[in-house]
Novice: 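Can you read through this structure? Questions will come right after.
Nothing fancy with the numbering, it's 1 onward along the sequence. In this text the structure is predicted, and so the values were computed from the model without any measurement.
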Amino acid sequence: MTWTQNFTPIIDNLVVSSLVALIPILYFFWALTIKRMKGYIAGLTTLLVALAVAVFVYGMPAGKAIMSASQGAVYGLLPIGWIIITSVFLYKMTVKSGQFNIIRSSVLSLTEDRRLQALLVAFSFGAFLEGAAGFGAPVAISAALLVGLGFNPLYAAGICLIANTAPVAFGAVGIPIIAMEGPTGIAAMEISKMVGRQLPFLSAFIPLYLILIMTGWKRSLEVMPAILVSGLSFAITQYFSSNFLGPELPDILSALVSLFALAIFLKFWKPKTIFRFASEETAAAVEPLNDSVEMEMEKRYTKWQIFHAWSPFLLLTLFITIWGMNPIKPALSGHYEGDNMLLSGINEIGKLLTFQIEVPGLHNEIIGSNGLPIAAFFKIELLGAAGTAILLAAIVTKFIAHMSTRVFFNTFAEAMKELTKPILMISSVVAFAYVTNASGMSTTLGMTLAKSGDLFPFFAPVLGWLGVFITGSDTSANLLFGSLQKVTALKVGMEPVLALAANSSGGVTGKMISPQSIAIACAAVGLAGRESELLRFTIKHSLFLLLLICMITFLQNGVLSWMIP
């Protein structure tokens, strides 16, 4: 039995209906920032609030609301939860095997300065992982690395979430941009060009902004040359690759250029003073380093030892890159249609390990805003998931690190135990996102913002920001609001490609406060239950960076219209 979405359930008034649609979102902010609930409790109760609004206000049949929540929960487990588990597992393996001591030493050999380590690991390396994989892996891996180097866990998680702003729009080999082409009819290359004329401004600014957050203006000036090398090399590469190569490679190329440019630069330039956190200086003064620790810091490792220690993350990068390549990616999911024998064989395995099951009582039983039924599947890709690529890297690492089978499985069990509550939170907030979308609440909010008329170019990025907050994904936000952006842009005389780019660019600033991202970051650094602290750390930065994108979009719609391709 079909059910048609109603976007104005309260006295047929869009504004009043949108205020009601905001209730689950406002509750979630209240639960984490004011009430300071544990993340999984906040996630579960937010889901209950969303279900209540969907059923009792929007008139969604209770069975359909519950099934949409179950669809989201499954997606929260795979691929998102699977990525977190395998990422944390791989990191723990490097620690257990002693390889992380060498990794730490190799980074310290480039620089002991915490500011520069943040640029190398959080900004450049994190952006590379975003370009190759996305879906939480960048923050999970880079935050864990920073903690291993000695960063405060909460600080490491916050810095990595903010640094992850620059690459999100082109993440996972350009999927957020490519996904928008289908529902909007505008070529992905055109959207890529426009995003590539917005985000580079933000990308050039983020390294400076990170250091300002960490140290303030005076200390930032001390490393300004490194900041400029890191930010400008990334931004310039991002512009050229997005405008001349397409949406698939900007993150990967920009991150590699930035990483190598800064690493080479640090061979010839060092800051006058080495910055460490106040807590480190105090600890050193109260409790001097013992002889064994000093010897470890002074020890010089061979290039082979350093390569061997980094090999787990090199393997991770290799496997994730392969998993995202065409035509390998469709073969892993059982969708390859070519005649290559090897890929055809992989395709058969992919088919066996890919499950697409219609969600009972939900599939094609909800009529959306376009008057068409909405498809709903439990989609499980065991081989094609990015987490499986990370697991393979961990299996190979077991043999490289000469780790016993007992320690290998004990480490995996340890990671699973630590991540039980974070995964519960992730599943519940993704379920909340699915209920919000299926009931029509997200569309109500989008339609309200679209009523801003001549000010719509300023508010267009807010739609993307809201979409990423709700769904945790720039891809999902683009699919959710892409068509609405295009239709509204045509009504107010705005170039549709600018509106679509604004949705994606605005979305990147919402990533750092998305419940999924918050849960992932806390899980990666062992802060499960302290999600509220991390949200309070990132929310002001999210709103500030969103304001910058809103201003850029507004100017590009007017005095800077020559920038539109």
Novice: Spell out, as yes or no, whether a donor-acceptor pair under 3.5 Å connects the side chain of W323 to the backbone of L383.
Specialist: yes
Novice: Looking only at atom types and distance, does a side-chain atom of T237 sit under 3.5 Å from a main-chain N or O of S233, one as donor and one as acceptor?
Specialist: yes
Novice: Please name all residues satisfying side-chain hydrogen bond (donor to acceptor under 3.5 Å, both in side chains) with K270, sequence neighbours left out, ordered by chain then number.
Specialist: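 Not a single residue meets the side-chain hydrogen bond (donor to acceptor under 3.5 Å, both in side chains) criterion with K270.
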Novice: Apply salt bridge (Lys or Arg N to Asp or Glu O under 4.0 Å) to K511 and E130, showing your working.
Specialist: CA-CA 12 Å; K511 188 80 169 177; E130 179 66 43; 5.4 Å; no
Novice: Determine, for Y301 and K303, whether the Lys NZ or Arg CZ falls below 6.0 Å from the six-membered ring centre while staying within 45 degrees of the axis.
Specialist: no
Novice: Could you go through R530 and E533, starting from their C-alpha distance and side-chain angles, then the distance that decides it, and tell me whether this counts as salt bridge (Lys or Arg N to Asp or Glu O under 4.0 Å)?
Specialist: CA-CA 6 Å; R530 295 177 62 185; E533 295 176 50; 2.9 Å; yes
Novice: Does F201 form a ring pair (Phe, Tyr, Trp, His ring centres under 6.0 Å) with Y239? I'd like the steps, not just the answer.
Specialist: CA-CA 10 Å; F201 295 107; Y239 165 74; 9.3 Å; no
Novice: Short question: side chain of S203, backbone of L199 - any donor-acceptor pair under 3.5 Å?
Specialist: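 Such a contact is found between S203 side chain and L199 backbone.
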Novice: Can you tell me if T420 uses its side chain to pair, donor with acceptor, with the backbone of K417 under 3.5 Å?
Specialist: yes
Novice: Side chain to side chain contact (heavy atoms under 4.5 Å, CB included) with L534: which of V525, I513, I518?
Specialist: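 Checked V525, I513, I518 against L534; only one passes side chain to side chain contact (heavy atoms under 4.5 Å, CB included): I518.
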Novice: Would you find more than 12 non-hydrogen atoms of other residues, nucleotides or ligands less than 6.0 Å from K540 atom NZ?
Specialist: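 Check passes, neighbour count above 12.
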Novice: Counting distance only, does the side-chain N/O of S542 pair as donor-acceptor with the main-chain N or O of T538 below 3.5 Å?
Specialist: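 No: the side chain of S542 does not pair with the backbone of T538.
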Novice: I'd like to check L545 versus I206 (side-chain heavy atoms, cut-off strictly below 4.5 Å). Are they in contact?
Specialist: yes
Novice: About how many Å separate CE of M214 and CZ of R115, when rounded to the nearest 0.5 Å?
Specialist: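 So the CZ of R115 and the CE of M214 are separated by 8.0 Å.
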Novice: Less than 6.0 Å separating the ring centroids of Y155 and F151?
Specialist: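 No, the ring of Y155 stays outside the 6.0 Å limit from the ring of F151, centre to centre.
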Novice: Would you call the rings of Y209 and H541 parallel, tilted or perpendicular if under 30° counts as parallel and over 60° as perpendicular?
Specialist: perpendicular
Novice: For residues Q238 and D251, report the shortest heavy-atom separation together with the two atoms involved.
Specialist: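 Shortest heavy-atom contact: NE2-OD1, 4.3 Å.
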Novice: Do the side chain of S192 and the main chain of S242 share a donor and acceptor less than 3.5 angstrom apart?
Specialist: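 Indeed, once roles are kept as given, a pair shorter than 3.5 Å links the two residues.
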Novice: Can you name the closest pair of heavy atoms from R276 and R114 and give their distance?
Specialist: CA-CG, 3.9 Å
Novice: I'd like to know whether NZ of K92 has more than 12 heavy-atom contacts from other residues, nucleotides or ligands below 6.0 angstrom.
Specialist: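 Atom NZ in K92 is packed in, count exceeds 12.
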